[in-house]
Amino acid sequence: MLWIEILLNDQLDVSPWQTNPAMQQAYQTACRWYTHYRRLLTSLFDRAPLPSDSGPIDFRDYRMFAEAVYFAYAHR
């Protein structure tokens with residue numbers, strides 16, 4: 001779920017953990033979801049963009065993504 005936090009919270013400072021493999025993977029996953037859903041995310045949230053990464057995303061995580069976006073939008 002770290003990738004969801006990275007995706008929706010641009011105030012999160014990930015620099016202290018950049019060398020951690022789990023953080024690197026979570027950041028890459030967040031970038032991929034951001035790339036695939038850029039229009040939706042930028043229309044709902046005023047956040048700094050993440051780097052583009054057009055790699056594959058695991059659509060089994062879509063429900064978690066959708067619920068997190070709904071929650072974050074309702075509580076902004």
(Q) Less than 4.5 Å apart, side chain to side chain, heavy atoms only: is that true for Arg47 and Asn9? (A) no
Q. Roughly how far, to the nearest 0.5 Å, is CD1 of Ile4 from CG of Leu7?
A. 6.0 Å
Q | Donor-acceptor contact present, side-chain Arg32 to main-chain Asp53, <3.5 Å | A | no
Q: Report yes if the side chains of Ser52 and Arg38 come closer than 4.5 Å at any heavy-atom pair, otherwise no.
A: yes
Q. Are the side chains of Leu50 and Leu41 in touch, meaning some heavy atoms are under 4.5 Å apart?
A. no
Q | Other residues, nucleotides, ligands: >12 heavy atoms within 6.0 Å of Gln25 CD | A | no
**Q.** Residues Thr29, Ile57; criterion side chain to side chain contact (heavy atoms under 4.5 Å, CB included); working and verdict
**A.** CA-CA 7 Å; Thr29 301; Ile57 58 175; over 6 Å; no
Q. What distance separates Tyr62 OH from Glu67 CD, expressed to the nearest 0.5 Å?
A. 10.5 Å
**Q.** Minimal non-hydrogen separation, Leu8 against Ala72, with atom names
**A.** CD1-CB, 4.0 Å
Q. Does Gln24 offer a backbone N or O that forms a donor-acceptor pair with the side chain of Gln18 under 3.5 Å?
A. no
**Q.** In one Ile/Leu/Val/Met/Phe/Trp/Tyr side-chain cluster, 4.5 Å: Tyr37, Phe71
**A.** no
Q) With side chains defined as the heavy atoms from C-beta onward, is the minimum distance between Tyr70 and His75 less than 4.5 Å? A) no
Q.
ring pair (Phe, Tyr, Trp, His ring centres under 6.0 Å) for Trp33 and Phe65? Distances and angles first, verdict last.
A. CA-CA 9 Å; Trp33 280 86; Phe65 164 77; 4.9 Å; yes
Q. Are the side chain of Asn20 and the backbone of Met23 linked by a donor-acceptor contact shorter than 3.5 Å?
A. yes
**Q.** CG (Asp58) with more than 12 external heavy atoms under 6.0 Å
**A.** yes
(Q) Whether the side chain of His36 engages the backbone of Gly55 through a donor-acceptor N/O pair (distance < 3.5 Å, no angle test) should be reported. (A) yes
Q | Intermediate values then yes/no, side chain to side chain contact (heavy atoms under 4.5 Å, CB included), Phe45 and Tyr73 | A | CA-CA 7 Å; Phe45 306 105; Tyr73 182 73; 4.0 Å; yes
(Q) Can you confirm whether Trp3 sits close enough to Cys31 that some side-chain heavy atom of one is under 4.5 Å from a side-chain heavy atom of the other? (A) no
Q | Least distance between heavy atoms, Pro51 atom then Thr35 atom | A | O-OG1, 3.9 Å
